[in-house]
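The sequence lines fix the lettering, A, B, ..., with proteins before strands; numbering per chain opens at 1.
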Amino acid sequence: MVNEVLHLHLDGFDGPLDLLLELARTQNVDLSRISILQLAEQYLAVVEKFRQEAKTVRLELAADWLVMAAWLAWLKSRLLLPATRDGDKEAEEAAGLLQERLIELEAMRAAASWLSARPRLNQTVFERPVAENHTRIDRSLLRVDLSGVVLAYLRARQRGGRKRVYAPRVIRYWSAHQARAALGRLLGCQSPVGWRYLHSILPDLHGEPPVGRKAALAGALMAGLEMAKGGQLELRQEQHFGEIEWREKE
Amino acid sequence: MAEEDFFEKAVSLVEALIFASASPVKPQAMKDLLVSQDLAEWGEQLDIVLTEVAHRYADHAIALYAIAGGWQFRTREDVAPALQKIVEKPRRLSRSAMETLAVVAYHQPCTRAEVEAIRGVSLGQNVLDSLLEEGLLMPKGRKEVPGRPVLWATTPMFLSVFGLNTLADLPRRDELVAEESIGDEGAS
Amino acid sequence: MAEEDFFEKAVSLVEALIFASASPVKPQAMKDLLVSQDLAEWGEQLDIVLTEVAHRYADHAIALYAIAGGWQFRTREDVAPALQKIVEKPRRLSRSAMETLAVVAYHQPCTRAEVEAIRGVSLGQNVLDSLLEEGLLMPKGRKEVPGRPVLWATTPMFLSVFGLNTLADLPRRDELVAEESIGDEGAS
């Protein structure tokens, strides 16, 4: 509870630098001529007072304040040393740095209040909220070019060409029916008797796709088997996948 | 404050309100504003106030217009054309129109049936109409076959639209790279 | 057309152009307009034209302001209190936000750590967020140090919101502090 009072109290300032600036103002002189020693003492006194009031300090709440206090205590000790000592220059530089930071902070404070005092758009001054539209869209022109014509022509020809030749491809298989007719013709003429290769009855199938040749051979076999069953001819095959031969039944 | 000053203040407020509003300001909004500023009597005589606002703009490039039941500042009509920026958003021809035009360009004079045969699709009347409207195609006699169909050809406008001097400036068909593939394309 | 009439026309065109725009109009846009209307010579003497435009509004509730490198009509400050009740007000910025904005304005481009060092306190995310939401700050590259922190800068909107023409319109530091000690209103 007491800790919170300390915290809230110090939080009235935007951090240790803010408190320092406030303390510096109480010296009532130009910031460039303030006494850093006096300032350090004042700060330490303020922090010590809060410390006592708070009894214990929650470090996480006051870390910034304590770091600044420690640094100022060091600075104070150096500034109190006789001017001839080595630490003198170091301390003077540190004091100068603190002074510069305070001056800069004060300037930025002033800048913020200067900005705050400016007439603010849509708060103290108003602009015209919408623009008039003076743009006219001209759609009268055609966007075309020669390459478009050429492309369109190619496209048309391509589609038209495809269309013209498009027809389901008629695959003219040599059918079992045709094989039967061919075999029937051969059976009748009875010239050279004996075994003959079945594929010899096939027509010239050069240029036909392989599937066509296979279909023709299958047709011939079917016709041969049918006629063998009917007793018109004999078939034989010497080995697996060997040539199929036929001869007229005696 | 003198009576005159009150009037001036009312005029200024109404002017500022109209200026700072995105849409035309209704008389009621002006009255409300004047009442809120203890200028209710001028709210009752809004016409006089508005007349004075308009008068302030007498020599300006801007004027007060009554629009949609309210009041708005707008650029004066005689100045507006100078501000006008013309953005060209040219139309495109539809794909079918473009193809039809191209086929006619290469095969003219030709009949509708011929265009259809080459394109492989029927030619909609609206496509033909649009090309006629644009002045890109014109009829050029009739073909002496049964039915005597109209022959179509491109116009001089066609040449100027495409920046051609003569039809001979069109790339020849055999110059078109893809030509060969068109010829025997069907087999694939 | 007499010389005077040309001048009047140039003034009217520039007035109309600025009035028709919702954002500040750059001098180049005015010159382009004048050139397009055969008034190029007045485009060369834009200052005189703009002075005359401003003069036309001497007694109006609206005035011409130099904003963010351009020119814009805005309502005069004296009519603001009356309008504020009607027009929606933007949120006010917190003190931390205003200070942060001031630090960035004077030190830009600068990192978050630099802002924190100057103000002596850490910069809350909500403060940064509010400034970004208002469009007053923007990231502007990264600082080439370990961690490559983002550099922050003010936006053109910042100039517009605070009615500044350029960043050079911000008071010099010595002016600020002198002002402060005279006014002595203190930040506490």
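Between A:E92 and A:R78 no salt bridge is recorded (no basic side-chain N to carboxylate O distance below 4.0 Å).
Nearest heavy atoms, C:L170 versus C:A105: CD1-CB, 3.9 Å.
Heavy atoms of C:F73 lying under 4.5 Å from chain A belong exclusively to its backbone. With a threshold of 4.5 angstrom between heavy atoms, C:Q72 approaches chain A through side-chain atoms but not through N, CA, C or O. Contacts between C:S160 and chain A at a heavy-atom distance below 4.5 Å involve backbone atoms as well as side-chain atoms. Both the backbone and the side chain of C:L93 come within contact range of chain A, judged by heavy atoms closer than 4.5 Å.
Side-chain contact check for C:R112 and C:Q125: at least one donor-acceptor pair (N or O, by modelled atom type) lies under 3.5 Å. A donor-acceptor contact closer than 3.5 angstrom is absent between the side chains of A:E104 and C:Y106.
Options A:L17, A:L102, A:L20 differ in how many heavy-atom pairs under 4.5 Å they form with chain C, and the most are formed by A:L17.
Between A:W65 and A:Y43, the ring-plane angle classifies as parallel under the 30° and 60° cut-offs.
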